Amino acid sequence: MSLPKDLLYSEEHEWVKKEDGKVRIGITYFAQDELGDIVFVELPEVGDEIEADEPFGSVESVKTVSELYAPLSGKVVEVNEELEDSPELVNESPYEKAWMIVIEPSNEGEFDDLLSAEQYQAVTEED
Amino acid sequence: MSELRRTPIFSEYEKLGAKTIDFGGWDLPVQYKGIKLEHETTRERAGLFDVSHMGEILVTGSKSLDFLQKVMTNDVSKLTPLKAQYTFMCYEDGGTVDDLLIYMLEEDTYLLVVNAANTEKDFEWLQQHNSYVKEELKIENVSDDYVQLAIQGPKAEEILQTITKTDLSQIKFFRFQQDVKFSSIDAGVLVSRTGYTGEDGFELYVDQEEGRKLWNLVLEAGKDKGLEPVGLGARDTLRFEANLPLYGQELSQSITPIEVGFTFAVKVNKEQDFIGKRVLKEQVENGTTRKLVGIEMIDKGIPRTGYEVFVQEEQIGFVTSGTQAPTLNKNIGLALIQTEHAKVGTELMIQVRKRKLKAVVIETPFLKRK
C-alpha cells in the first residue's frame, strides 16, 4: 500500500492534511492494519482544545484500546460523526472516509516535527 | 529478553498471513484474516486452532488417583478410561493455581492439560505435594512431546470424518479416543470432544513430528466446507461469549472458582480431603462476598480487563474480560463485584479511562449453546 504523498505524518501513525488554514487528521493504513478490526472510535467534541503529543481520543479493535495522539495542537472545528456508527470505515478507508477531526492549528512551528511520506515509510519499516 | 518459543506449526503461520504476538513467551498468531471473520467462521462453519503451547503433564503410578484427589477440586474418582474432566487446582486459601483438563488414559495413567503460562508453576506445585516414592507416583512434564490442535464449530465433525475411519459420532462430549488413525498420518492421534469456544468440536493431540502434517491435512480437508485457521484473538472472543474462564482474568491466585461460579468442578463433599477444601466448602455453603457477573454497557464504550466498577463513588469490583462480542454485537464484559450489587438489572458505572460510563448487570451465559 503506497502512502499518499500529499499528506504529512506523525510517528504515532496519524496523517495530517492541510486544508486552507485548517488540518484534517486521521490514522494511517499501517495503523489500522496493525490494530485489526476497529469496533469503536472515541473522538473529542467540536470546540475542544487538543495538544500535540497528547491523547485526543482512542480507537478500539476487538482486542485492544489504542490512544490517538494529536500530531498538532489546536481547536477542534469538525468531528467525523459517521465513525460513531461505522467504525469499520477506519479499516476500509483510512485516508478518505475515516478522517477523524479537523482542527485549527495553534502552533505553526509544530508542522516541522511532522514527517513526509518517505520519512514515515521508514518509520513503519523499522517496526 | 529470552527468545520466544515456537510450536511446530510456526512455519505455516506466515503462509497463511498470520500476525503473531508474544503470548506468555510464545510467538503465536493473534489473527490470520481478522478476528471478526475467524470468530464468525468458527460459529457458523469451523475453525482450526494451533494450541500446542498448552502444557501437558503425565501422572502415573499406583498412587496417582489418591494424589490427584488431594490436589484437584473435582472428584477424579468419577473418571473412567477415555473420559475427560474439567477441574481446578487451588491453594489452601481457595485461590486458583490453574484450571485444567484431566484425561484418564488408562488405569493409573492421567494426562493433565494445563495453561501454557502456568505449566512450570503447576509442575512444581504437583511435585511439591508428592509425598510418594517413585515406584508409586511419577509426575512428568511432557509438554514438548505434543502438538495440540483444536477444530471447533458446527462442521468440525463432518470435516474430520472425511480423513479418518474412526466413527467420530461415537465420541461424546468430554470423551476421547486414543490412537485414532488419520489418512497419511503415521502416528495415532488422541481425539477428544472438548474445546474452548462454546461450539461442538474436537481437540487433537499428536506427536511433535506429525503435527504440521496433521495441521495441513485438516486444513485441506476443510477447505470446501469453509474451514479457516483461527488465531488467539478469536479464541478469546469465542471463549468469552461462551463464559469460559481465562486464567489470569476470571481466575487467579486471588480468585476462587466459587467466586466466579464454577462450583460444578469443586466437589466439596468428595470423600478425600483436598487442598483448599476448608475455604471452598465454606464459600459453597455460605456464599461469597464477591461474584462474577455479566455486564452490558448502556453508554457507548467497551469494558476491558482491569477497568474499575463503581456504584456511586464506591469501587465495588473490576472487569475481568470485555470486548465487543462479535456474534452478539454488544459491548459486554464479565466483572467480579460485591455480591450485594450482583442482581440482574442493577446499574453500575465502569471507569473507562477518564470517564465513568453506565452499564447494567445482565444474565449469563451470554451465548446459549444451540
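All values below were derived from every heavy atom in this structure, side-chain atoms included, with hydrogens, water molecules and symmetry-related copies excluded. Lettering follows sequence order; numbering is per chain, from 1. Just so it is clear, the model here is predicted, and its values are computed rather than measured.
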### Message
Please determine whether the number of non-hydrogen atoms from other residues, nucleotides or ligands lying under 6.0 Å from atom CD of E363(B) exceeds 12.
### Response
no

### Message
For K358(B), I'd like to know if atom NZ has over 12 heavy atoms of other residues, nucleotides or ligands within 6.0 Å.
### Response
no

#### Entry: Intermediate values then yes/no, side chain to side chain contact (heavy atoms under 4.5 Å, CB included), V39(A) and I302(B)
CA-CA 9 Å; V39(A) 294; I302(B) 299 174; 3.6 Å; yes

#### Entry: Which residues share a side-chain contact (heavy atoms from CB on, under 4.5 Å) with Q312(B), sequence neighbours left out
none

All donor-acceptor atom pairs under 3.5 Å, backbone and side chain, chain B-chain A:
{"from": "K19(B)", "atom 1": "NZ", "to": "D33(A)", "atom 2": "O", "distance (Å)": "3.0"}
{"from": "I35(B)", "atom 1": "N", "to": "D37(A)", "atom 2": "OD2", "distance (Å)": "3.3"}
{"from": "K36(B)", "atom 1": "N", "to": "D37(A)", "atom 2": "OD2", "distance (Å)": "2.8"}
{"from": "K300(B)", "atom 1": "NZ", "to": "E84(A)", "atom 2": "OE2", "distance (Å)": "3.0"}
{"from": "R304(B)", "atom 1": "NE", "to": "E60(A)", "atom 2": "OE1", "distance (Å)": "3.0"}
{"from": "R304(B)", "atom 1": "NH1", "to": "V62(A)", "atom 2": "O", "distance (Å)": "2.9"}
{"from": "R304(B)", "atom 1": "NH1", "to": "K63(A)", "atom 2": "O", "distance (Å)": "3.4"}
{"from": "R304(B)", "atom 1": "NH2", "to": "E60(A)", "atom 2": "OE1", "distance (Å)": "2.8"}
{"from": "R304(B)", "atom 1": "NH2", "to": "S61(A)", "atom 2": "O", "distance (Å)": "2.8"}
{"from": "T323(B)", "atom 1": "OG1", "to": "V62(A)", "atom 2": "O", "distance (Å)": "2.7"}
{"from": "Q324(B)", "atom 1": "NE2", "to": "V39(A)", "atom 2": "O", "distance (Å)": "3.4"}
{"from": "R353(B)", "atom 1": "NH2", "to": "E42(A)", "atom 2": "OE1", "distance (Å)": "2.9"}
{"from": "R353(B)", "atom 1": "NH2", "to": "S58(A)", "atom 2": "OG", "distance (Å)": "2.9"}
{"from": "R353(B)", "atom 1": "NH2", "to": "E60(A)", "atom 2": "OE2", "distance (Å)": "3.3"}
{"from": "R355(B)", "atom 1": "NE", "to": "E42(A)", "atom 2": "OE2", "distance (Å)": "3.3"}
{"from": "R355(B)", "atom 1": "NH2", "to": "E42(A)", "atom 2": "OE2", "distance (Å)": "2.4"}

